[in-house]
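In this chain, numbering begins with 1 at the start of the sequence shown. All heavy atoms count here, side chains included; hydrogens, waters and symmetry mates do not. A quick note: this is a predicted structure, and the numbers were derived from the prediction, not measured.
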Amino acid sequence: MKRRLLDLLACPLCGGDLGLHDASIDAEGGSEIVHGKLVCNACSARFPIRDGVPRLLPPDLSSIQEKTAGAFGFQWQQFTELYDQYEAQFLDWIEPIQPEFFRDQIVLDAGCGNGRHAYYAARYGAKEIVGMDLSAAVDTAYANIGRMPNAHVVQGDIYHPPFKRTDGNGGPFDFIYSIGVLHHLPEPEEGFDSLIRYLRPGGAMFAWVYGRENNGIVHGFINPLRTALTSRMPPSWLPAVAWPMSVVFQGVVKGVYRPMHGTPVFKLLPLNDYLYSLSSFSFRRNYNIVFDHLLAPVAHYLSHDEFEGWFRRAELGEVQITWRNRNSWRGFGRTRSGGHDGSWGKGKTEKAPELEA
């Protein structure tokens, strides 16, 4: 943990300022605080700093949050590596946002996993990038990005973000993004609303979520398998199911979708754009994707109108809702530049054509 991170942090219970106590500096040099504790000046709540990560979780996580944290913590402690191809995937997820958008911005990655997206936010010149995750994935994220000069990792809850707020004027972040996380919350829109409260006036919010449209295979096969079996298994048992499924999956995307691309037959294949996008991935990357779909205790698949409603009810402007691979949704919007009297421009939404059930 870098000492200047205190400028952004606050008690997740009461919002009070935090004081640093018993700090232990990295013995290998540098200024990273590897151990210590943070104490709230208002309510006296105490939070440990362990292995470079401030652990700012509220004490009353629900059972489903604890199960979700356990599942994804296990995943990202198994799939620790960062691939060069992650950059193109990240930029595709956040389209039309470009690397220069990050320059000199204070950014929050809400649900950072192993840090693969925050790594690029840091490289793109963010003034500060904070990766936050509920789970033990923060240990992997810290190993991957924690010593980058503009990167920080925090263990925290999206419903109770441990960051400072200014009454009536939002929080410290210029940009908050959440990729593939909100749809795993018990109440996704509540998580979305919680994050928006920590944007500066005129700050930008981006989210990517699973789409309800064009996901018939998921609704008919993957979800029933996940809810009935795989999400109920201890995560350490899941490879017994996920690995053989991944062998078949890799054969299909490499042996069917890749050679069929550009032919009339390709248009008839289910999930054609999405599965073709995975045909260049290594087996281990696709194994991670299969593992991810089978692991989650909760997974919501949102229609265009449901997702757009989040932005409308939050009174965001410049809203853009667009397809990704015709089976998931990207959403971008901004808070008003100065309270309810502020202004923002018009956005656009992209309706889902030729929807399947």
Side-chain angles (χ1 to χ4, degrees), residues 90-98 101-102 105-112 117 121 126 129-130 132 156-161 163 165-166 168-215 274 298-353 355:
F90 177 47
L91 291 174
D92 185 49
W93 260 316
I94 64 174
E95 183 185 316
I97 294 168
Q98 296 298 310
F101 187 87
F102 291 85
Q105 302 292 291
I106 298 177
V107 181
L108 174 64
D109 179 338
C112 66
H117 304 135
I129 168 68
V130 181
M132 180 180 73
D157 176 19
I158 283 177
Y159 291 129
H160 301 92
F163 304 110
R165 294 192 68 229
T166 303
N169 289 302
F173 296 104
D174 301 298
F175 179 40
I176 297 175
Y177 65 86
S178 186
I179 298 174
V181 175
L182 295 173
H183 51 228
H184 291 309
L185 297 181
E187 299 293 338
E189 188 174 358
E190 288 184 17
F192 180 81
D193 290 340
S194 174
L195 293 173
I196 288 171
R197 296 184 299 126
Y198 293 86
L199 283 171
R200 296 181 189 275
M205 177 73 197
F206 176 89
W208 173 80
V209 297
Y210 295 155
R212 175 172 295 279
E213 300 88 346
N214 298 338
N215 268 317
Y274 172 60
V298 175
H300 297 274
Y301 290 78
L302 299 156
S303 71
H304 171 279
D305 291 346
E306 288 176 305
F307 189 44
E308 184 183 35
W310 294 6
F311 292 80
R312 184 178 65 252
R313 287 186 287 274
E315 299 184 347
L316 299 185
E318 300 181 21
V319 173
Q320 298 184 49
I321 308 294
T322 59
W323 273 126
R324 181 175 186 264
N325 291 325
R326 294 176 54 84
N327 75 327
S328 61
W329 294 110
R330 308 177 182 98
F332 175 90
R334 284 191 184 275
T335 59
R336 294 180 186 267
S337 58
H340 286 288
D341 294 329
S343 61
W344 25 247
K346 294 181 178 180
K348 67 176 182 179
T349 63
E350 186 173 291
K351 281 286 186 180
L355 301 187

- [ ] State whether the side chain of Asn215 and the backbone N or O of Asn327 hold a donor-acceptor pair below 3.5 Å, judged by distance alone.
- [x]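 Looks like yes, one N/O pair under 3.5 Å.
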- [ ] Answer yes or no: is there an ion pair linking Asp92 with Arg330, defined by an N-O contact shorter than 4.0 Å?
- [x]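 Salt bridge between Asp92 and Arg330, a charged N being under 4.0 Å from a carboxylate O: yes.
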From [atom1] ([X]) to [atom2] ([Y]), nearest 0.5 Å:
X	Y	atom1	atom2	result
Leu182	Leu302	CG	CG	9.0 Å
Ile321	Trp310	CD1	CH2	10.0 Å
Trp93	Asn325	CH2	CG	10.0 Å
Phe175	Arg334	CZ	CZ	9.0 Å
Ile179	Asp109	CD1	CG	6.5 Å
Glu213	Asp305	CD	CG	8.0 Å

Please find the pair of heavy atoms, one from [X] and one from [Y], that lie closest to each other, and give the distance.
X	Y	result
Ile176	Ala110	CG2-CB, 4.5 Å
Ser194	Ile158	OG-O, 2.6 Å
Ala314	Asp193	CB-OD1, 4.1 Å
Val107	Ala126	CG2-CB, 4.1 Å
Gly191	Leu185	CA-CD1, 3.8 Å

TODO: Determine the interplanar angle of the Tyr301 and Tyr210 rings, folded into 0 to 90°, and report it as parallel if under 30°, tilted if 30 to 60°, perpendicular if over 60°.
DONE: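 Answer is parallel, since the angle falls under 30°.
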TODO: Please state whether the rings of Phe90 and His117 are parallel, tilted or perpendicular, taking 30° and 60° as the class boundaries.
DONE: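 The arrangement is parallel - the two ring planes meet at less than 30°.
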Is there a side-chain contact between [X] and [Y], using heavy atoms and a 4.5 Å cut-off?
X	Y	answer
Met132	Leu108	yes
Val130	Phe173	yes
Phe102	Ile97	yes
Phe192	Leu316	yes

Open item on the list: Once salt bridge (Lys or Arg N to Asp or Glu O under 4.0 Å) is applied, what residue pairs with a partner in residues 178-191 remain, sequence neighbours excluded?
Closed with: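 As it turns out, the salt bridge (Lys or Arg N to Asp or Glu O under 4.0 Å) pairs with a partner in residues 178-191, which skip direct neighbours, are Glu189-Arg313.
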Open item on the list: Just checking Phe307 against His300, ring centres under 6.0 Å apart?
Closed with: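 No, the ring centres sit 6.0 Å or more apart.
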Under 3.5 Å, side-chain donor or acceptor atoms of residues 200-208 against the rest of the protein: list the pairs with distances, not counting sequence neighbours.
unit_1 : atom_1 : unit_2 : atom_2 : d
Arg200 : NE     : Pro172 : O      : 3.1
Arg200 : NE     : Asp174 : OD1    : 3.2
Arg200 : NH2    : Pro172 : O      : 3.2
Trp208 : NE1    : Ser328 : OG     : 2.7

Task: Contacts of type side-chain hydrogen bond (donor to acceptor under 3.5 Å, both in side chains), residue His160, not counting sequence neighbours - done: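 Residues passing side-chain hydrogen bond (donor to acceptor under 3.5 Å, both in side chains) with His160: Asp157.
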Open item on the list: Could you check whether Arg326 makes a cation-pi contact with Tyr274, meaning its NZ or CZ is under 6.0 Å from the centre of the six-membered ring and within 45° of the ring axis?
Closed with: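 No, Arg326 does not sit over the ring of Tyr274.
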